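Both ligands and their constituent atoms are indexed starting at 1 by order of listing. Keep in mind it's a predicted model, so treat the numbers as computed, not measured.
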Amino acid sequence: MKNILEAPFVEEMKKITANMYRLGWDERNGGNISYMLDEKEVAEYLDLNNVIRTIPTGFGAKELIGKIFIVTGTGKYFKNVEYDPENNLGIIRIAEDGKTAELLWGYADGGKFTSELPAHLMSHISRLSVDPENRVVIHSHPTNTLAMNYVHELDEKKFTHTLWEMCTECIVVFPDGVGVLPWMLCGTNEIGEATAEKMKEFRLVIWAMHGIYGAGKNLDEAFGLIETVEKAAQIYMLTSHLPRINTIKDKDMQILAEAFGVEYRKDFLNL
Ligand code: 13P
Ligand code: ZN
């Protein structure tokens, strides 16, 4: 059996959590990540018959029965993952009942998966229904994205449109736009269901005055989506109080989307 601490997926989780912490997006225990793993790859590192303990998830996810995820722990700090992965991360498999997580590794101090597991797993189900290659869901509290929530209308079309106007690359990177949920109590099945509903349509979902969710086929893709929104939000926060002299016009955005051959939300442009 190979050493799990050297597994590429553990290394990737260490690198991305450290990176996000240093970007200032994940203060204290803010943010969480779930990453669906390949069973055969995990079997090189862990005995899949050895369930350390079982933990109820509090909701049903029958579509994910048997699926294995590496997930950040609740209350754990992103800044600590790289130094102590075994306490701050866990590898879970969704049990036959769809409602229990079987712990295969991690949460060594008796901890458990993120309190946002409902939003993560329900989002995985939604994304997989539209993109069978989806593997990752990331939740984070990026500074400018959050700041923008306080000063910009929380309307999906208007919010997406403003972000698209802020950097030329935006409509190409997230042509599907950004879904927006109103402020809701976090850590609940209700916010999980609402997020998952949006995830059928969007790979990015804002939780008003809280943070953002991004989904993708790997950590880079989910991270890159959030990173691009955050960059656009930063430009907005740097310029929104100043007179606007220039902008990317809707016609320009249409030309961009067509040149890059992306399927974009035409109804989010005013042509
Ligand atoms: P967890 O520590 O449970 O992952 O919660 C952090 C968070 O960002 C809540 O939305
Ligand atoms: Zn959060």
Practice problem: Decide side chain to side chain contact (heavy atoms under 4.5 Å, CB included) for Asp250 and Met253; before the verdict, give the C-alpha distance in whole Å, the side-chain angles of both, and the deciding distance to 0.1 Å. | Solution: CA-CA 5 Å; Asp250 284 45; Met253 293 194 244; 4.0 Å; yes

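Using a 4.0 Å cut-off to heavy atoms of Gly75, the atoms of ligand 1 that qualify are 1 (P), 2 (O), 3 (O). Proximity to His210 (heavy-atom distance under 4.0 Å) selects the following atoms of ligand 1: 10 (O). Taking a cut-off of under 4.0 Å to the non-hydrogen atoms of His139, the atoms of ligand 1 that pass are 8 (O), 10 (O). For ligand 1 and Ser115, the ligand atoms under 4.0 Å from any heavy atom of the residue are 1 (P), 3 (O), 5 (O). Taking a cut-off of under 4.0 Å to the non-hydrogen atoms of Gly30, the atoms of ligand 1 that pass are 8 (O). Listed by atom number, the atoms of ligand 1 under 4.0 Å from Thr74 heavy atoms are 1 (P), 2 (O), 3 (O).
A salt bridge links Glu197 to Lys200: one of the charged nitrogens lies within less than 4.0 Å of a carboxylate oxygen. The pair Lys217-Asp131 fails the salt-bridge criterion, with no side-chain N (NZ, NE, NH1 or NH2) lying under 4.0 Å from an Asp/Glu carboxylate O. Salt bridge Asp155/Lys157: absent, no basic N to carboxylate O contact under 4.0 Å. Salt-bridge formation is detected for the pair Glu11/Lys14: a Lys NZ or Arg NE/NH1/NH2 atom is positioned less than 4.0 Å from an Asp or Glu carboxylate oxygen. Salt bridge absent: Glu156 and Arg265 never bring a charged side-chain N and a carboxylate O closer than 4.0 Å.
A distance below 6.0 Å separates the ring centres of His210 and His139. For Phe113 and Phe69, the gap between ring centers reaches or exceeds 6.0 Å.
By the neighbour-count criterion of 12 heavy atoms within 6.0 Å, atom CD of Glu96 is sparsely surrounded, having that number or fewer from other residues, nucleotides or ligands.
Annotation: atom 7 (C) of ligand 1 to nearest protein heavy atom, Asn32 ND2, 3.5 Å. Counting only heavy atoms of the protein, atom 10 (O) of ligand 1 lies nearest to Glu116 OE2, 2.5 Å. Here the heavy atom of the protein found nearest to atom 4 (O) of ligand 1 is Thr114 OG1, 2.7 Å.
Ordered by chain and number, His139 NE2, His141 NE2, His210 NE2 make up the set of protein N, O or S atoms under 2.8 Å of the Zn ion (ligand 2).
Under the 4.5 Å side-chain contact rule for hydrophobic residues, Met199 and Met122 do not share a cluster.
Looking at Asn29 against ligand 1, both its backbone and its side chain come within 4.0 Å, counting heavy atoms.
Residue His141 places at least one N or O, backbone or side chain, under 3.5 Å from an N or O of ligand 1.
Within the structure, ring-ring contact (aromatic ring centres under 6.0 Å, His included) pairs that include any residue of residues 16-44 comprise Trp25-Phe223 (at least two apart or interchain).
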